[in-house]
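FYI, the numbering just counts along the sequence from 1.
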Amino acid sequence: MWRMSLSTGYRACLGCRTGGSKGTWSFHAVRTCSAPALPAGRITTLQAVDFWRRHFEERGVTEPEQSSQYIIAHLLGAKMIESLGQERLTEFLSQKEMKQLWQLCTKRLSRMPVQYVIEEWDFRDLTLKMRPPVFIPRPETEELVGLVLTDLQGNSGPGVDADSQQTCLEVGCGSGAVSLSLLKSLPQLKAFALDRSQDAVDLTRENALRLGLSDRLKIYLVDVMKDPETVLSLCRSFSAVVSNPPYLFSEDMMSLQPEIFRFEDHAALDGGADGLNVIKRLLTLAPHILSNHGRMYLEVDPRHPPLICEWVDVNVKELQYVETRHDISGRPRFCILQKEKSHKDYEQESD
């Protein structure tokens, strides 16, 4: 199945983040492009799929066949073109369907990601609403959720007492994909979600309401880089902290595909010169917001794990680097760290 994926150096896919260096770029600045004229006669669903595949190819749009199929399937109320059935595939499109299709595919010609064109995307067992500039979740982040679930399911994970309430903090929630997926799988879990973007906070809240999970999720507009004190005042003693933070090296930003560079929030991508700006802040905050033996789970660039391990060893004494996990493509993608009790904790217990 066609999905977005991460390349070794940057997130390459039909999804994107917007914004730009100090506001230079804006997701509102969608490039206009001419669409082919509507056919004079009627065409079938299959003919429409082929027509737009060829037009996308001619215009250099990535994943032309998948783009055409996803958009047309969505227009006709299906997830995949194959699920429409042969009868529907050979039926003629109505004039209304033709006009709607031309509008949607014209957006794709501008290199708008399919996820924004159809305004939704599947993440694990959830269907989430999507809109720019909120970051589109990638398959690797589904794997990140799996790692957290493995530790938390059955109250058996590190940092989880059998009689205590499981709690999770997501930093940089975007569409809410991670928090909502965890809440769906763990009925006993309560979660907090933070993001610096009002668009992301609003979309997470909307998705939580649609999925009936808002009663167990608290969402806050907070920038961990600008206001760590607020993070500390809101967030205490979590069983798990999970984040897919901005981790691109700044020099890689200019290599992004048009879909990413034009539409997705650059602030959700650019991690600074070494890609570690936000990650270092999270690591510094971790001992203050994790419960004893609670764990932090990070999705990072494949170049990061040894750098993070070394930095934590020198700078964050109460945090232990547990292990590096690889993604499905075999790249070192996930860092797991654990809070250890401080001397102060031991002194308080012995008093």
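Closest non-hydrogen pair, His288 versus Arg236, comes out as O-NH1, 3.3 Å. Gln100 and Leu75 get closest at one heavy-atom pair: OE1-CD1, 3.3 Å. Across Arg216 and Leu183, no two heavy atoms sit closer than the pair NH2-O, 2.9 Å. When every heavy atom of Pro287 is checked against every heavy atom of Val316, the shortest pair comes out as CG-CG1, 3.5 Å.
Residues satisfying the salt bridge (charged side-chain N to carboxylate O under 4.0 Å, His left out) test with Arg54, not counting sequence neighbours, are Asp50. A search for salt bridge (charged side-chain N to carboxylate O under 4.0 Å, His left out) contacts involving Lys280 returns Asp274, not counting sequence neighbours. Qualifying salt bridge (charged side-chain N to carboxylate O under 4.0 Å, His left out) partners for Lys79, counting only residues two or more places apart in sequence or in other chains: Glu120, Asp122.
Considering OG1 of Thr62 and CZ of Arg108, their distance stands at 4.5 Å, rounded to 0.5 Å. In this structure, CD on Glu299 lies 3.5 Å from OG1 on Thr141, to the nearest 0.5 angstrom. Interatomic distance, Cys168 SG to Arg295 CZ, rounded to the nearest 0.5 Å: 14.0 Å. The CG atom of Leu128 lies 6.5 Å from the CG atom of Leu211; values are rounded to the nearest 0.5 Å. Once rounded to the nearest 0.5 Å, the distance linking OG1 of Thr45 with CD1 of Ile81 reads 6.5 Å. Interatomic distance, Leu180 CG to Asn207 CG, rounded to the nearest 0.5 Å: 6.5 Å.
At most 12 heavy atoms of other shown residues, nucleotides or ligands fall within 6.0 angstrom of atom CD in Glu310. Atom CD of Glu87 sits in a sparse spot, with 12 or fewer heavy atoms from other residues, nucleotides or ligands closer than 6.0 Å. Counting non-hydrogen atoms of neighbouring residues, nucleotides and ligands closer than 6.0 angstrom, the CD1 atom of Ile328 reaches no more than 12 such neighbours. Applying the 6.0 Å contact sphere to NZ of Lys129 captures more than 12 heavy atoms from other residues, nucleotides or ligands.
A distance-only check finds a donor-acceptor pair linking the side chain of Trp102 to the backbone of Pro36 [under 3.5 Å]. Without hydrogens or angle criteria, Asp227 side chain to Val222 main chain gives no donor-acceptor distance under 3.5 Å. Within the 3.5 Å criterion, the main-chain N or O of Thr90 finds no donor-acceptor partner in the side chain of Thr44. No side-chain donor-acceptor contact under 3.5 Å links Arg53 to the backbone of Ser68. Side-chain atoms of Ser329 never come within 3.5 Å of backbone atoms of Arg331 as a donor-acceptor pair (strictly under, hydrogens ignored). With hydrogens and angles ignored, the 3.5 Å screen pairs a side-chain donor or acceptor of Arg262 with a backbone N or O of Ser110. Judged purely by atom type and a 3.5 angstrom limit, Ser83 uses its side chain to pair as donor or acceptor with the backbone of Met80.
Ile279 pairs in a side chain to side chain contact (heavy atoms under 4.5 Å, CB included) with only one of the listed residues (Pro245, Cys335, Ser243), which is Pro245.
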Leu93 vs Leu101, side chain to side chain contact (heavy atoms under 4.5 Å, CB included): CA-CA, chis, key distance, verdict: CA-CA 10 Å; Leu93 295 174; Leu101 176 60; 4.1 Å; yes

Trace of the side chain to side chain contact (heavy atoms under 4.5 Å, CB included) decision for Asp301 with Phe249: CA-CA 9 Å; Asp301 184 278; Phe249 290 53; 4.0 Å; yes

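Taking the side chain as every heavy atom from C-beta outward, Val241 and Leu285 never approach each other to under 4.5 Å. Residues Trp311 and Leu276 form no side-chain contact, since every pair of their non-hydrogen atoms from C-beta on lies 4.5 Å or further apart.
A donor and an acceptor atom, one from each side chain of Gln153 and Ser185, are nowhere located under 3.5 Å apart.
Taking the six-membered ring where the residue is Trp, Phe51 and His55 present parallel rings, their angle staying beneath 30° rather than reaching 60°. Ring geometry, Tyr70 versus Trp121: the interplanar angle falls from 30° to 60°, so the pair is classed tilted.
Cluster membership check: Leu189 does not share its hydrophobic cluster with Leu209, using side-chain heavy-atom separations under 4.5 Å among Ile, Leu, Val, Met, Phe, Trp and Tyr. Linking ILVMFWY residues whenever their side-chain heavy atoms come closer than 4.5 Å, directly or via other members, places Met254 and Leu248 in the same cluster.
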